[in-house]
Structure formats: C-alpha cells, structure tokens
Protein chains: 2
Amino acid sequence: MRKRKGAGRPTISDVAAKAGVSTITVSRALRDPSKVSDHLRRKINNAVRKLNYVPHSHASALASTRSNIIGVIVPSLTNNVFADTLRAIYDELYQGAFQVQLGNSRYVAADEERLVRTFLSQGPSAMIVAGTDQTDATRELLLNAQCPVVQIMEVGDDPIDMMVGFSHFEGGKAAGMHLLKKGYKRIGFLGARMDPRSHRRLEGFVEAMRLGGRYEPDLVMTTTASSSVSLGSELIGQLRKRDPDLDAIFCNNDDLALGALFGCQKAGISVPDELGIVGFNDLEMMAASHPSLTSIRTDRYAIGKRAVEMIKAELEGNPPEEKVVDLGFELQERESTLRTR
Amino acid sequence: MRKRKGAGRPTISDVAAKAGVSTITVSRALRDPSKVSDHLRRKINNAVRKLNYVPHSHASALASTRSNIIGVIVPSLTNNVFADTLRAIYDELYQGAFQVQLGNSRYVAADEERLVRTFLSQGPSAMIVAGTDQTDATRELLLNAQCPVVQIMEVGDDPIDMMVGFSHFEGGKAAGMHLLKKGYKRIGFLGARMDPRSHRRLEGFVEAMRLGGRYEPDLVMTTTASSSVSLGSELIGQLRKRDPDLDAIFCNNDDLALGALFGCQKAGISVPDELGIVGFNDLEMMAASHPSLTSIRTDRYAIGKRAVEMIKAELEGNPPEEKVVDLGFELQERESTLRTR
DNA sequence: TGTTATGATGTTAGCGCTAACATAATGTTA
DNA sequence: TAACATTATGTTAGCGCTAACATCATAACA
C-alpha cells in the first residue's frame, strides 16, 4: 500500500468528521469564529478539545502563503538593551497565535540582509528589525514585503513602514548638555562597539560640546571592540593618561560607565568631584552603584511593546495614524554628576 | 480561471524546468548532493542561482513531517546567563540550514509545557530546554518527540535524551567551602528568584556549612523576587541588621553579589575584611569591580556550543557516546574574599 | 553471456491546510 | 410574492515539497 503516514496527529479532517461538518468550516471556526454559527462552532470546539487538535502550522502557511511567524532581528543577544525589548515583544505576543522567529545579526549588515531574506521566504506576518541602517538591498526586500515592518530602537524620517524608538543624537546631546550645566570643563567621550546608533550619540554629544564651546576632539575615545565593564575601566585610565585634566565623561553605554567608575575607584579618583560620569540607557544597576550613576533612561520595554501593538493594529486593519513613534528618553541625574564642591 | 497565486517566488518546479530534470532530482541535489550526478548537480545549482531560488520551508516541512526548526526554550531573556548560551547556539547554527525557534517560559513550568507542545507541533529537528525540572507532561512530550532533545545548564542522572551543564549543588558547595577555607565564621546566603537551580546551589552551600560546622539557618535569606543589583544591595542590609556579626555571604548570582558590594560600600563596610562576598556565574563585570568579586565561573557559551554539537552529531547519525556532559565550573578567587587581616 | 547488484533518475500521490468558487438557506425590499 | 441581498456551509483544487515506489542504465559477477 502506498500510503504516506503523516505526523500521526489529528488533522482538521478528523475534527471535521467528529463534528459532522466540512473541513473548511472547521478552518473558519478556528480562524474567524464569527463566520460560523454558534451551533456548529460549539460542536467544532468540542471536537477540537476531545481530539486535542493542534493545527499544523506548516500546512496552513503553505496553503495561505502566510505564516504566523513574526520575524525579529537584533544585532546582539547579550546586550541588555535588546533583551529588555525582546522580553516586551515576547510578553506582548504571549497570548496570541504568533510565533517569534528571532535572528541575531551580530552587528553585521550583510548578516542582517541574509536573515531578512530567510525570514521573508517564510511569509511572516510581520517583521521587526533593529535600527535604521539597513543595506539598500535589505531595505528593498522589506519595502516589498507583504507584511507590516517595524524598525525599532531609533527614529528617523524615512521609515520602511513603521518606527518606534528615540533619537540617539538627542540623547547624546542631552548627556553632554547635562555635564556642561554641572560646570564640568574638560569633558570626554568613551565609546565601544560604535555601531550607527553609538555614532549618533557621539554626534549629539559633540553638538552639545560645540554649543558650550568645550569641544575637544582629543577627548573622544572610541573603539570597535565590544563593550564591557572591564573595557570601561581600561579606557578611562587611557583617557586620563592622555589628558590628566579630564573632569567628566559621557559613556556610550552603562557598562562602560560602570567600568569607568570602577577604574576611578581603583585609581583613587573621586566621582563626581574629580570626574563626572554619565552613562546611556539607565540599566537597573545604575541606581544601585556607589556612587549611583547618572544615565539617559530609555524605555526599551515600551519600545518592544509598542512595536507589537502597532503590528497587531495593522494586521487587524486599523493602521496606526502615526507611523513613527518617538518614545523619547529621560535624564536620570544621580550622584555621579552631583558635585559637592 | 480558478488558479491560486502562490507566493510568487520561484518554486522547485521552476528550477527543475530550467535545469531540464524532474523536481525530485532538484530536491535531492539540494538535500543530499551525493545522490545526484556531478553533471546534473552543476546544472541544478546554476538554475538555482539564476532564479534566486529559496526553498519554501513550509512545503518541505509539510511533505516530510520534519521542519528545519530547532526549538530552544529558556526561562528568561534578560538573564545574562541564558544570553551567553543563546549566543553560542546561534553562533553554532549560523552556517547550517537550521532555524532557531526561541521560547521564553518566564520561569513558569506550565508555560514551558505550552511552549513544548507548540514547538513539537511543528516537527522540529531538535529541542533544547533549560534545566531538568520539567513537568511530568512536558517530560512525556519530549520523551516521545521524534528528535534529539538536550537539557542544558544542569546535569542529572535521568536525562530525557541528552544533557549539558554542570552541578549547581557542587557549585554552591564549592562557594561555601571557599568561604570556610578563608576563615569566615558567620556565613550567609542571599538568594533571589529561587528557581530549582538556585535551590540546588543553596543545598550545596548548606552542605558545605554543615561540613564546616557553620550552618546557621537564620543567615539564609531568600526571596522569590527576580534578581537585580538593587536587590542585592537591599538584602545585604537586611541580613546584616538581622545578624550584625555576619562576616561573609554567598550570593545566588552575580547581580546580587555586585549589589551586596554596593550595599557594603554605602554602609561603610569593608570588603573583604569585614564581609567576604562570593557570587555565581562569574559574569564579565566581576573581574572589573573594585574590589574585584570572587565567583564561581560557569562556561555558558560552552554549554550552548556543546548542545548544538551533540544535536548535529545525533542528526548525522553519530550519536554521542556520553549522553550527559558535565562541563563543571571553576572558582575564581578575587579580592572580595582576599582578607588582609 | 545471462543474472544480479548498484546507482541515477523519474512518476505518482499525497502531507494538511485554505482560496476561490458554488450552493443552499434565510432575510429584505418594493 | 418575485427579485435580490446576505449569511452559512460545502466542493474542489491546489499551495510546494518529498516519500515511496518504478524504471532504466551501468557495473559486477559467475
């Protein structure tokens, strides 16, 4: 006999037979219950429960050319910033029938392009990608994708489709302005990784320094090495060697800021009196350290949540009015910039 | 006309037509090139390239009842411990044709069960789940799954299929023994979240204390709240209030340890002289802090890497000899337990 | 030289689901 | 009450791929 065996699980036909209806009616009852009478719907739900029926998502995707996958591509899995956003996405998608497909582009644009290609080949229900710096090809792919696309973490003026984030330029500028306001004179910048968003934070910082007449290119220290607490500790040492009069720094991110604090403690430099420190993102630890660390608070969780809300709205036929949502940031002023003298 | 339109992308038939062969030959050339002659393989590869053909994974999964998905379920996305392991899994799977499907069980066994059910319904190529504390139903599902299953982060004596991790009991015990060896007398335990692995670390710690004749139930402070640096700072204050003679603590994890250090600094308690601190996992920051923090180093990256290697071996028909791999841990002794008096 | 093993390719029939059309049952309007 | 919408359900034919079997060519062997 030439039968193929299948997966051995109940299929939609089994449910249909049990409920005494056709398969399409079961299909409708499951996807859009309003299209089926109460009477049949009840019978079908009973059959589903009794058989413990779980739809075969691949068959559904093949027949409808649309999968229940929401593709998410982030540049890092270990960066807490994305972890918070991811958590929000997962939390928000927890109830529904969507599956998250997570890709890690490792901060490489070509890898992102490859992932987008792979994900789109599965006919996702939506795509979420980090940042606004896609390659032309990636952009093109996403523009032609037959699904909502949200760029997260950052805002800009030419969204592929939708955007949720904040301005890293303004964030960097706010950090710089704060240090100026506190009366610091020789203000440095510590940057690791230096992805496009880091660059824009630096640009904002430079803008602030220029406005305050304090821009000093030599005080900008960046590396492509990936960020870490140890690195912050090391870099602050190097920068102080380069310029002993340095009296404040803005760090690319909170890991570096914490590392800079440790570096100062090791070298016997008092924070904030001898050196002011500002971080970026305001991770939880910033409030707990001693002294506590000033940072630019960004709401990563809200970004993920909002992105999913926009996608859901779009899929339900209520496209959001605002395609670009700027969730802003907030300066969290703490002891590390609270001079006592 | 009654045609359905499909996804509009080239299909295997297009490739077959272009190469002048049948579809099954294309299918074979792509999945197991050794089954097709050099001559045809070359023609097929050319056609694939020219048409920019990407297989429709849903169709493949439907026809073969086996998808290219590797399901991974972790209890947290924000815990650095899992982030490192996840990164390894992604790195290791980067080349091949597998897709990672990541689930977040949020430390809830019932959620894990639900995810396992969903993932298995897609006929994954393999499953990776964190820990050894699945519900009976989850265990049953995974036992019956027609794919390799790896339990990660921990080892035990009754693997569902395979295991890669280390003994949390022994880790906790090693931390306790170290503090005893350093001459600390009133040694406490700080624990947050208290998932099963945390419990076993506590049990190991208690065992060490008993062996040293220093077990003091009152010095064990745990909470179900999720772990954070701030929490560590808070808990150490509470525990010292409860017992002012406390002279060392073992923290459930590094976040708490760092928080405890901050708490001590705020309260003017010198580490390590007045209070010794040991953390768990040895995240990168532990070496950078001032004073640097002693911790139990665990190789999370290696766990993920090894898990994928075992899966690949299994899928290629070379089942690994050792089904349970204990990657151990290593005490990293640093300043926080280096008494000077 | 005929018989059999081996390898390369093809034919056919689904995998489980849903789009597209068809039909039956009911309500609405003049 | 005829004519037409509207709603509820069904029939049919794929979506794109691969398992299972079939066929043909070539090599291997007695």
Side-chain angles (χ1 to χ4, degrees), chain A residues 1-44 47-48 51 53-69 97 121-123 125 146, chain B residues 1-44 47-48 51 53-69 97 121-123 125 146:
Chain A
M1 163 166 93
R2 206 192 160 112
K3 280 299 259 268
R4 283 172 80 165
K5 62 177 177 327
R9 295 191 283 136
T11 73
I12 203 169
S13 311
D14 298 327
V15 176
K18 182 136 202 150
V21 298
S22 70
T23 59
I24 191 70
T25 304
V26 177
S27 178
R28 286 198 266 253
L30 266 40
R31 289 179 301 153
D32 186 355
S34 74
K35 282 188 179 156
V36 175
S37 66
D38 287 4
H39 174 64
L40 288 186
R41 192 167 351 119
R42 220 166 301 125
K43 281 171 99 170
I44 290 168
V48 165
L51 294 172
Y53 169 71
V54 180
H56 293 54
S57 56
H58 299 300
S60 169
L62 179 59
S64 66
T65 68
R66 182 63 57 210
S67 76
N68 65 346
I69 291 170
S121 82
Q122 308 188 38
S125 287
Q146 301 300 308
Chain B
M1 170 165 86
R2 205 191 161 117
K3 279 302 261 263
R4 284 172 80 166
K5 63 175 177 326
R9 295 190 282 135
T11 73
I12 204 169
S13 311
D14 298 326
V15 176
K18 182 137 204 148
V21 298
S22 69
T23 60
I24 191 70
T25 304
V26 176
S27 178
R28 286 198 266 253
L30 265 39
R31 288 179 302 153
D32 186 354
S34 73
K35 282 187 181 157
V36 174
S37 66
D38 287 4
H39 174 63
L40 289 185
R41 189 161 359 112
R42 220 166 300 126
K43 280 171 100 169
I44 290 168
V48 166
L51 294 172
Y53 169 70
V54 180
H56 293 55
S57 56
H58 299 300
S60 170
L62 178 59
S64 66
T65 68
R66 182 63 56 210
S67 76
N68 65 345
I69 291 170
S121 82
Q122 309 188 36
S125 286
Q146 300 301 309

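Labels below follow one simple rule: chain letters A, B, ... track the order of the sequence lines, proteins then strands, and each chain is numbered from 1. Given the structure is predicted, the values throughout are model-derived calculations rather than measurements.
Here the C1' atom of nucleotide dT23(C) and the CD1 atom of Ile24(A) are 15 Å apart, to the nearest Å. Distance, Arg28(A) CZ to dT9(D) C1': 6 Å, rounded to whole Å. Atom CD of Gln122(B) is separated from atom C1' of dC17(C) by 15 Å (rounded to the nearest Å). Between the NZ atom of Lys43(B) and the C1' atom of dA8(C) there is a distance of 14 Å, given to the nearest Å. Atom pair Ile12(A):CD1 and dG10(D):C1' shows a separation of 14 Å (rounding to whole Å applied). Rounded to whole Å, the distance from CG on Asn68(B) to P on dT18(D) is 11 Å. Atoms CZ (Arg66(A)) and C1' (dC15(D)) sit 14 Å apart, rounded to a whole Å. When the C1' atom of dT18(D) is taken as reference, atom CG of Asp32(B) falls 13 Å away, rounded to whole Å.
Side-chain contact between Lys18(B) and Leu51(B) is present, with heavy atoms from C-beta onward closer than 4.5 Å.
With Arg9(A) contributing its side chain and Val54(A) its backbone, the two residues share a donor-acceptor pair below 3.5 Å. Not a single donor-acceptor pair under 3.5 Å links the side chain of Ser121(B) to the backbone N or O of His56(A). Side chain of Thr23(B) to backbone of Ala16(B): no donor-acceptor contact under 3.5 angstrom is found.
Applying the 4.0 Å criterion to OP1 and OP2 of dC17(C), one finds that Ser60(A) has every side-chain N and O outside that range. Between dC17(D) and Ser64(B), no contact under 4.0 Å exists linking OP1 or OP2 to a side-chain N or O. Under 4.0 angstrom from either OP1 or OP2 of dC17(D) there lies no side-chain N or O belonging to Thr23(B). Residue Ser22(A) places none of its side-chain N or O atoms closer than 4.0 Å to OP1 or OP2 of dT11(D). Residue Ser27(A) places no side-chain N or O under 4.0 Å from the OP1 or OP2 atom of dC17(C). Contact annotation: Arg31(B) side-chain N/O to dA19(D) OP1/OP2 distance is under 4.0 Å. The phosphate of dG10(D) has OP1 or OP2 within less than 4.0 Å of a side-chain N or O from Thr25(A).
For Val21(A), taking side-chain heavy atoms from C-beta onward, the closest of the listed nucleotides dG10(C), dG10(D), dC15(D) is dG10(D).
A pairwise comparison of heavy atoms in Ala97(B) and Asn68(B) identifies O-ND2, 2.9 Å as the closest pair.
Nucleotides of DNA chain C nearest to Val36(B) and Tyr53(A) differ in position, and the one nearer the 5' end is that of Val36(B). If you find the closest nucleotide of DNA chain D to Pro10(B) and to Asp38(A), the one lying nearer the 5' end belongs to Asp38(A). DNA chain C is contacted by both Leu40(B) and Arg9(A); Leu40(B) maps to the nucleotide lying nearer its 5′ end (nearest heavy atom per residue).
Here Thr11(B) lies in heavy-atom contact (under 4.0 Å) with sugar-phosphate atoms only.
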